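Okay, so here's the structure we're looking at.
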Amino acid sequence: MTDCTRCGREAVMHAAYSGAHLCESHFCESVEKRVRKRVREDGLVPRDATPDDPETWVIGLSGGKDSVVLTHILDETFAEDPRIELVALTIHEGIEGYRDESVDACVELAADLDMRHELVTYEEEFGVRMDDVVEDDPENMAACAYCGVFRRDLLERYADEFGADKLLTGHNLDDEAQTAMMNFLEGDVAQMAKHFDASIGGFDGEDARSEQDEFVPRAKPLRDVPEKEVALYCHLRDLPAHITECPHSSEAYRGEIQQLLYELEENHPGTRHSIMAGYEELAGVLADRYDEDGDGPDLHECEDCGATTTRDRCRKCSLLDSLEVA
């Protein structure tokens, strides 16, 4: 058994990237500190937020370990802070068994935290269930491609309906490092700039993201914490998470990148942190360049649903049409 680097008690984990061995108490404290540090560094709480004019944060709560841990830590941090109002938003995609169990986890957590919890479904909103979408597949593409479009639409629409100042999601370090690597390897500098302004740039200071009135600003306070540490924290805190992979998950390219990063991290601890440090700086530079050059997307309203889009009709409406044809 290895002793905790900080107190000498039995360690429950070893962070190879830092060399630290941590006991249960110091490990959980470390995760919480990193989330709170990210909240501070990104300026999520504006200086002018007051109890009379509080911020509303909508949390995308799926019931998986990441969103459950994020919701738990944000509640511990802000439940007694009158400047911040937290709302949990859960989306049921219509995946029999899998999503039903994760929704139960969301309901249990929200009840435990006494947090406002809202549930919306693809079936009620769009008249489709992902189980049926996967079976029909009129566009001949991965299930995640359909689901991502529908999920983003509902997160954005309901965050706006609930008066959200920010939309928070539980993306962890592995998620963000994978996205960064995919953008690097695809040479998609425009997407890097968009990524910065959409969700990883801060809200104040010289390196802040550009303001976008068309969308509710997103933030990812969990993005400094590796996936395995999120899972361990969830287990040690005995949080009601549904830790099972979606049966329709089929992002083959991301899976290859994930495996590559696992191997690099194993051989070179700290790789994910280094990737994100460089990526965030580069993405910020690119975002500034696109903003100065006026190269941002030409946004207008979808002629069918009114959602903000770069096309005459948004991708969601186009996909729903193809599903009706099928």
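Side chains included, hydrogens not; waters and symmetry mates left out as well; all remaining heavy atoms used. None of these values were measured; they are calculated from a predicted model.
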Lys/Arg cation over aromatic Y146: R315, 6.0 Å, 45° cone: no
Within 45° cone and under 6.0 Å: K228 NZ/CZ vs Y233 ring: no
Nonpolar side-chain network containing V285, other nodes, edges under 4.5 Å: none
For V103, the rest of its hydrophobic cluster, which grows through side-chain links under 4.5 angstrom: V107, L119
Partners passing ring-ring contact (aromatic ring centres under 6.0 Å, His included) against [X] (at least two apart in sequence or in another chain):
X: F184; result: Y279
X: H268; result: none
X: H92; result: none
X: H21; result: H14

Kindly compute the distance separating [atom1] ([X]) from [atom2] ([Y]), expressed to the nearest 0.5 Å.
X: D112; Y: L239; atom1: CG; atom2: CG; result: 9.0 Å
X: I200; Y: K194; atom1: CD1; atom2: NZ; result: 13.5 Å
X: S322; Y: N140; atom1: OG; atom2: CG; result: 11.5 Å
X: C314; Y: L319; atom1: SG; atom2: CG; result: 8.5 Å
X: D291; Y: E211; atom1: CG; atom2: CD; result: 10.5 Å

Donor on one side chain, acceptor on other, S199 and K220, under 3.5 Å: yes
Pair T179, R254: side-chain N/O donor-acceptor within cut-off below 3.5 Å: yes
Regarding [X] and [Y], does a basic nitrogen lie under 4.0 Å from an acidic carboxylate oxygen?
X: K316; Y: E125; value: no
X: R47; Y: D204; value: yes
X: R34; Y: E32; value: no

Tell me whether [Y] is reachable from [X] by hopping between hydrophobic residues (I, L, V, M, F, W, Y) whose side-chain heavy atoms are closer than 4.5 Å.
X: V39; Y: L167; value: no
X: L155; Y: V133; value: yes
X: L70; Y: V87; value: no
X: F215; Y: L44; value: no
X: I84; Y: L109; value: yes

Chi angles and distances behind the side-chain contact (heavy atoms from CB on, under 4.5 Å) call for T309, E301: CA-CA 6 Å; T309 180; E301 291 186 354; over 6 Å; no
Any pair counted as ring-ring contact (aromatic ring centres under 6.0 Å, His included), so long as it reaches residues 105-138, sequence neighbours left out: Y122-F126, Y122-F150, F126-F150
Pair listing, ring-ring contact (aromatic ring centres under 6.0 Å, His included) test, anchored in residues 33-61, at least two apart: W57-F78
D207, CG atom: more than 12 neighbouring heavy atoms under 6.0 Å: no
Crowding at CG, D114 (>12 non-hydrogen neighbours, <6.0 Å): no
Can you name the nearest heavy-atom pair linking [X] to [Y], along with the distance?
X: D312; Y: H300; result: N-NE2, 3.8 Å
X: A180; Y: I275; result: CB-CG2, 4.0 Å
X: G60; Y: S67; result: O-CB, 3.3 Å
X: C317; Y: D304; result: SG-CB, 3.8 Å
X: V230; Y: V225; result: CG2-CG1, 3.7 Å
X: V12; Y: L232; result: O-CD2, 4.1 Å

For a 4.5 angstrom cut-off between non-hydrogen side-chain atoms, does [X] reach [Y]?
X: I59; Y: L89; value: no
X: E55; Y: V45; value: no
X: D224; Y: L173; value: no
X: P226; Y: Y17; value: yes
X: S62; Y: C106; value: no
X: S30; Y: L22; value: yes
X: Y253; Y: E186; value: yes
X: V58; Y: L168; value: no

Which residue pairs pass the salt bridge (charged side-chain N to carboxylate O under 4.0 Å, His left out) test when at least one of the two sits in [range], sequence neighbours left out?
range: residues 268-287; answer: D174-R272, R223-E280, E265-R272
range: residues 84-94; answer: E93-R99, E93-R151
range: residues 59-73; answer: K65-E227
range: residues 3-12; answer: R6-E29

Does the [X] side chain pair with the main chain of [Y], one donor and one acceptor, at a distance under 3.5 Å?
X: R209; Y: G201; value: yes
X: T310; Y: L299; value: no
X: D81; Y: R83; value: yes
X: D75; Y: T71; value: no

H242 vs E101, side chain to side chain donor-acceptor pair (under 3.5 Å): CA-CA, chis, key distance, verdict: CA-CA 7 Å; H242 181 230; E101 292 184 22; 3.2 Å; yes
Chi angles and distances behind the side-chain contact (heavy atoms from CB on, under 4.5 Å) call for L264, L260: CA-CA 6 Å; L264 286 171; L260 172 63; 4.0 Å; yes
Full working for salt bridge (charged side-chain N to carboxylate O under 4.0 Å, His left out) between D321 and R313: CA-CA 11 Å; D321 277 354; R313 300 176 72 245; 2.4 Å; yes
